[in-house]
Amino acid sequence: MQQYGSIVILVILFGLMYFFMIRPQKKQQQKHQATLKSLQKGDHVVTIGRLHGVVSNIDRAKGLVTIDCDGIYLDFDLNAIANVTRPESTVAPKAEAKPAEATEKTDDEAK
């Protein structure tokens, strides 16, 4: 019976290690790969060396990305991209138009 107890403990330890270490790392790696696949020209990126820039060109066949860092163009491996942020559009959101009924009521209330 002592032999089975030690085997059960080893199986439980391996299961815990899988759920607390291996599984989250795989999920993070899959998320990073999906981010790299959706990388587009104009995206703001941060490299693993903490260099900030904007994507200028992507060559997926060679696995290279060209980053514009204040007018200096640098080539990096796609795997060197640590973080990607999409640029927010500079166009101001349109103001919502008031319904005609609401403006009529306010006009009537003003009289």
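Note that the numbering runs from 1 along the sequence shown for the chain.
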- prompt: Counting distance only, does the side-chain N/O of Arg60 pair as donor-acceptor with the main-chain N or O of Leu78 below 3.5 Å?
  reply: no
task: Flag yes if more than 12 heavy atoms outside Gln29 fall under 6.0 Å of its CD atom; otherwise flag no.
output: no
query: Are the side chain of Asp77 and the backbone N or O of Ala80 linked by a donor-acceptor pair below 3.5 Å?
result: no
task: Indicate the atoms forming the closest heavy-atom contact of Cys69 with His52, along with that distance.
output: SG-O, 3.5 Å
field: Side-chain heavy-atom pair Ile48, Phe76 within 4.5 angstrom cut-off
entry: no
- prompt: Leu51, Leu36: one ILVMFWY side-chain cluster at the under-4.5 Å cut-off?
  reply: yes
- request: Decide yes or no for Leu74 and Thr66: does some side-chain heavy atom of the first lie under 4.5 Å from some side-chain heavy atom of the second?
  value: no
query: Mind checking what makes side chain to side chain contact (heavy atoms under 4.5 Å, CB included) contact with Ile12, not counting sequence neighbours?
result: Val8, Leu16
field: Neighbour count >12 (heavy atoms, 6.0 Å) for atom CZ, Arg86
entry: yes
task: Among residues two or more places apart or on two chains, list those pairs meeting salt bridge (Lys or Arg N to Asp or Glu O under 4.0 Å) that have a residue in residues 19-34.
output: none
message: Can you give me the closest heavy-atom contact between Gly53 and Ile67, atom names plus distance?
response: CA-CG2, 3.5 Å
- prompt: Side-chain heavy atoms under 4.5 angstrom apart, residues restricted to Ile, Leu, Val, Met, Phe, Trp, Tyr: same cluster for Met21 and Leu10?
  reply: no
message: Ignoring hydrogens, what is the shortest heavy-atom contact between Asn79 and Gln33? Give both atom names and the distance.
response: OD1-NE2, 4.2 Å
message: With rounding to the nearest 0.5 angstrom, report the NZ to CD1 distance, Lys41 to Ile58.
response: 9.5 Å
- request: Measure the spacing between CD1 of Ile72 and OG of Ser56 and express it to the nearest 0.5 Å.
  value: 13.0 Å
statement: So CD1 of Ile9 and OH of Tyr4: to nearest 0.5 Å the spacing works out to 15.5 Å
message: Could you check whether any side-chain heavy atom of Val55 comes within less than 4.5 Å of a side-chain heavy atom of Val65, counting everything from C-beta outward?
response: yes
Atom pair CG/OG1 of Asp43 and Thr35 - distance to nearest 0.5 Å: 10.0 Å
- prompt: Are the side chains of Asn83 and Val45 in touch, meaning some heavy atoms are under 4.5 Å apart?
  reply: no
